[in-house]
Amino acid sequence: MAEKGGKGYLPAKGGKSALKSPVGNGDSSTKSKKGKKVQFDSEDSFENNIPKSNGKADTPAGKGGKGDKVANGTKKPTVKTPSPTERRLEQELPPNSVCLMDCEAAEILQDIQDHMVILSQDPDIKLPVSFDTGLTYAKRGGNYAKPQTVKKIFEPLKKHGVSECEICLIANICPDSVDEVFALVPTLKPKMSKLREPLRIALDELGNLKEALANLKDSK
Amino acid sequence: MYLKSKLSWNVVLPAENLNAKGLILQKAIISRLMANFAAKKASKDLGYFLAVTTVGNIGEGKVRQQSGDVLFPVDFSCITFKMLTGEVLEGVVHKILKHGVFLRCGPAENVYLSNQKMDDYHYVPGENPYFMNGRSSKIEKGVVVRFLVIGEKFMEAEKDFRAVVSLEGDYLGPVS
């Protein structure tokens, strides 16, 4: 699992030096841009890029290029401190933005769609093309209770240093087990011992809630 | 992930839309704002634009010397959808190639999962090609797959995002 984590960060974070050397087929345009993320310039380079990103993870290739130091140097910190990913995730949020859980977004977007029945009579009022697909995706879980309830269930996790963004990630995953949470949100791993219990309680509560809602649906 | 953002845009109203009655003017400004928002479709920072949720302060209009249009600064909140690197999302497979599959994830159509990022799956050619692993888990058209986002890029010209995703890790793969 640690290995998986490492691979995940590599392309995004350190890779620069390890990257340049192993990539034999690297065209110069990608090299210069190769800063933080896996990039692709045009439709064709989509596939060109894949071997590259793989090449990055391939330490033997890296060794051939610039020597062990480089390969190890970039790998170690990423594996040991997974926190950069979290910082990046939060950093990736534009200023003046907060993240929403899918169920929160679903509620707000559904509300807007309900209003559109009347509003659409006015040709001046337009919705973005992505509205419908956005709403469908938000509703895919379908069986979540009110966002306020879900928020309350996860609230105790904040005391243990789990960020708003991480809570949204957990809620969106709809996890069945604590291990699933740690596997999919690796930034929580350093706090694993502290978080296990509160997470288990939260997931149990969520499970009960889901079950109760499903029963309610069936009985209707 | 869905984002809720506070933005401040300038809305330009042609002089003929100006109306002395406050509410009508407000409505004209808001519907122009919504039209601008819809036309913008997406941005690099915010992702796909979904909806304007609330309109806050509408500032004082400034007349443009040349055209006579009036420009109003408007504060508003909106909801957008952005794929963040490191995030776990779900997508529906819509195209299968030898080298990987394309998925649809909410408004994003070009989510690419390379066969190198799903090592245990192999390509099975045929009229309806698919990918399958040793435990008979199948990735075919219409299947919902849970994946990890490893990179995304905004295509300025198309106002669309492309993402590369991976199945390397536990609890990732087709969702039953």
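Lettering of chains follows the sequences in order, A, B, ..., and the numbering in each one begins at 1.
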Close side-chain approach of A/I173 and B/R146, heavy atoms under 4.5 Å: yes

Region of B/L84 that comes under 4.5 Å of a non-hydrogen atom in chain A: both

Whether B/Y171 side chain and A/V181 backbone form a donor-acceptor pair below 3.5 Å: no

Intermediate values then yes/no, side-chain contact (heavy atoms from CB on, under 4.5 Å), B/F37 and A/L127: CA-CA 8 Å; B/F37 187 81; A/L127 280 183; over 6 Å; no

Pairs touching residues 123-138 of chain B that satisfy side chain to side chain donor-acceptor pair (under 3.5 Å), sequence neighbours left out: B/Y121-B/S137

Pairs of heavy atoms under 4.5 Å with chain A: top-ranked of B/K4, B/R104, B/M1: B/K4

Step-by-step salt bridge (Lys or Arg N to Asp or Glu O under 4.0 Å) determination, B/K27 to A/D122: CA-CA 11 Å; B/K27 190 197 154 229; A/D122 186 338; 2.8 Å; yes

Residue pair A/P128 / B/A51: nearest heavy atoms and the distance that separates them: CG-N, 4.4 Å

A/Y137 vs B/C105 side-chain heavy atoms within contact, under 4.5 Å: yes

Residue part contacting chain A, namely of B/V52, when any heavy atom lies under 4.5 Å: backbone

Engaged part of B/R32 at the chain A interface, taking heavy atoms whose separation is under 4.5 Å: neither

Greater than 12 external heavy atoms within 6.0 Å of A/H115's NE2: no

B/I79 side chain reached by A/I108 side chain, heavy atoms, under 4.5 Å: yes

Over 12 foreign heavy atoms within 6.0 Å of CD, B/E60: no

Nearest non-hydrogen partners of A/I125 and B/M34, listed with the distance: CG2-CE, 3.6 Å

Nearest non-hydrogen partners of B/D170 and A/A183, listed with the distance: CB-CB, 4.2 Å

A/L100 vs B/L3 side-chain heavy atoms within contact, under 4.5 Å: no

Contact list for residues 95-111 of chain A, test side chain to side chain donor-acceptor pair (under 3.5 Å), sequence neighbours left out: A/S97-B/S5, A/D102-A/R140, A/D102-A/N172, A/E104-A/K151, A/Q110-A/D114, A/Q110-A/K139

Closest approach of A/S130 to B/Y48 (non-hydrogen atoms, all atoms of both residues): OG-CD2, 3.7 Å

Proximity breakdown for B/I30 and chain A, heavy-atom pairs closer than 4.5 Å: neither

